[in-house]
Amino acid sequence: MDDILSKISSCVEFGKIDKASPYPPDMKGQDGADELTRKAIDDGMKPGDILEKALIPAMAIVGDKFSRKEIYVPQMLMAAKSMSSAMKHLKPFFQSGEAKRKGKFIIGTVAGDLHDIGKNLVAMMIEGGGWEVIDLGVDVGTDKFIKAIDENPGAVIGLSALLTTTMENMKKTVTAIREKKSGIKILVGGAPVTKEYCEKIGADYYSPDPQGAVNYLNQIVS
Ligand code: B1M
């Protein structure tokens, strides 16, 4: 791999955002994902290569470490922030259509539920996995999901719920999507959600963690 790609990859894996960032201590004073990505683009590197050869593999390593409980939420958030600092340089190329993404993913925390830390991690990992993410936020009612589906044909839907009480709203949203739309893939997750519950409410896939969600989406487009 090109030296600069491998450096960007390390920055994302270890959460080095930019030169000013003191974290991680052993990379203090060095360029971060922000400066290195800018430099790579200025040197003529393709945005798609930076995404596919540096950012996506680094986020996959981060996701696997998190699944194996080798790192925890703070390290994952730093990795995601580092990835975002690189993505801000790549986004104009994706928005102009010059570089392609794998597909669209609509995510939200279901109606009545204000928890968004886990949902945000999933959204960031999926963006780092090469997808365009449309984040509808928290307390998202069925109508808002349906409107987003209309506006983004072909998108995969992700529903998050953290309360046993709002799991019922997850079920209502899945039921409404099934009644009104066909061929929509629905991924569900959140602390109280299980594989059995996913099957019971007619969603397509349950993932306990962000990397499982990324793997599921990748499997859809492969
Ligand atoms: Co609340 N809360 N909370 N809370 N809160 C819990 C969930 C609770 C378990 C605490 C407890 O009682 N022990 C409990 C739920 C009990 C239950 O339903 N069985 C609870 C309660 C009761 C409440 C209130 C009702 C409290 C009250 O007001 N009486 C209230 C409800 C408000 C509402 O939503 N309407 C409430 C409020 C809040 C805060 C606002 C204070 C705050 C949320 C802040 C925020 O999110 N911006 C909060 C917090 C922080 C928590 C705890 C402490 C932490 C949740 C969290 O962020 N975890 C939580 C207790 C706990 O879990 N220890 C608790 C870290 C996060 C990374 O994990 O969200 O599970 P998680 O996400 C994981 C996976 O689940 C998965 O990936 C993530 C990364 O691994 N995942 C997906 C998540 N979504 C996914 C989607 C996918 C795939 C995977 O595909 C689409």
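Note that ligands are numbered from 1 as they come in the structure, with each ligand's atoms numbered from 1 the same way.
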Looking at [X] and [Y], would you say the former's side chain and the latter's main chain have a donor-acceptor pair under 3.5 Å?
{"X": "His89", "Y": "Asp34", "result": "yes"}
{"X": "Tyr197", "Y": "Met167", "result": "yes"}
{"X": "Tyr206", "Y": "Val193", "result": "yes"}
{"X": "Ser82", "Y": "Cys11", "result": "yes"}

At a non-hydrogen distance cut-off of under 4.0 Å, which region of [X] contacts ligand 1 (side chain, backbone, both, or neither)?
{"X": "Leu159", "answer": "backbone"}
{"X": "Leu162", "answer": "both"}
{"X": "Asp139", "answer": "neither"}

Is [atom] less than 4.0 angstrom from at least one protein heavy atom?
{"atom": "atom 12 (O) of ligand 1", "result": "no"}
{"atom": "atom 61 (C) of ligand 1", "result": "no"}
{"atom": "atom 41 (C) of ligand 1", "result": "no"}
{"atom": "atom 26 (C) of ligand 1", "result": "no"}
{"atom": "atom 29 (N) of ligand 1", "result": "no"}
{"atom": "atom 37 (C) of ligand 1", "result": "yes"}
{"atom": "atom 87 (C) of ligand 1", "result": "yes"}

Name the closest protein heavy atom to [atom], giving the residue it belongs to and the distance to 0.1 Å.
{"atom": "atom 90 (O) of ligand 1", "value": "Leu187 CG, 3.5 Å"}
{"atom": "atom 45 (C) of ligand 1", "value": "Asp116 OD1, 3.4 Å"}
{"atom": "atom 39 (C) of ligand 1", "value": "His115 NE2, 4.6 Å"}
{"atom": "atom 84 (N) of ligand 1", "value": "Ser160 OG, 2.8 Å"}
{"atom": "atom 35 (N) of ligand 1", "value": "Gly112 O, 2.9 Å"}
{"atom": "atom 89 (C) of ligand 1", "value": "Ser207 O, 3.3 Å"}
{"atom": "atom 44 (C) of ligand 1", "value": "Ile117 CD1, 4.3 Å"}
{"atom": "atom 18 (O) of ligand 1", "value": "Thr164 N, 2.9 Å"}

Carboxylate-amine/guanidinium contact [X] [Y], below 4.0 Å:
{"X": "Glu35", "Y": "Lys39", "answer": "no"}
{"X": "Glu132", "Y": "Lys100", "answer": "no"}
{"X": "Glu196", "Y": "Lys200", "answer": "no"}
{"X": "Asp31", "Y": "Lys16", "answer": "no"}

Lys185 atom NZ: more than 12 heavy-atom contacts under 6.0 Å =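 It does not: Lys185 NZ has 12 such atoms or fewer within range.
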Within 6.0 Å of NZ in Lys88, more than 12 heavy atoms from elsewhere |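 Correct, the count exceeds 12.
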Where ligand 1 meets [X] - atom numbers and elements under 4.0 angstrom, heavy-atom basis:
{"X": "Gly190", "answer": "75 (O), 81 (N), 82 (C), 83 (C), 84 (N), 85 (C)"}
{"X": "Ala191", "answer": "70 (O), 75 (O)"}
{"X": "Gly158", "answer": "91 (C)"}
{"X": "Asp113", "answer": "34 (O)"}

Approximate separation, where rounding is to 0.5 Å, of Lys119 NZ and Ile117 CD1 |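 Going from the NZ atom of Lys119 to the CD1 atom of Ile117 covers 10.5 Å.
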Rounded to the nearest 0.5 angstrom, the CE-OG distance for Met27 and Ser10 is 5.5 Å
Counting heavy atoms only, which of [options] comes nearest to [atom]?
{"atom": "atom 66 (C) of ligand 1", "options": "Gly63, Gly118, Pro210", "result": "Gly118"}
{"atom": "atom 23 (C) of ligand 1", "options": "Leu114, Leu163, Ile186", "result": "Leu163"}
{"atom": "atom 76 (C) of ligand 1", "options": "Ala203, Pro208, Gly189", "result": "Pro208"}

Picking from Ile61, Leu55, Leu36, what satisfies side-chain contact (heavy atoms from CB on, under 4.5 Å) with Val12?
->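 Exactly one candidate clears the test, Leu55.
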So among Thr173, Thr175, Val174, Asn169, which one has a side-chain contact (heavy atoms from CB on, under 4.5 Å) with Lys171?
->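 Filter result, single survivor: Thr175.
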Any side-chain donor-acceptor pair under 3.5 Å between Gln211 and Asn215?
->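 Note: Gln211 and Asn215 side chains meet the donor-acceptor criterion.
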Have Asp18 and Ser85 got a donor and an acceptor in their side chains that come within less than 3.5 Å?
-> no
Sub-3.5 Å N/O-N/O distance, Leu121 and ligand 1 =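 No, since none of the N or O atoms of Leu121 sits under 3.5 Å from an N or O of ligand 1.
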Please state whether [X] comes within less than 4.0 angstrom of ligand 1, counting heavy atoms only.
{"X": "Gly212", "value": "no"}
{"X": "Phe66", "value": "yes"}
{"X": "Pro192", "value": "no"}

Between Asp116 and Thr109, does a side-chain hydrogen bond (donor to acceptor under 3.5 Å, both in side chains) hold up when you go through it step by step?
-> CA-CA 7 Å; Asp116 68 357; Thr109 304; over 6 Å; no
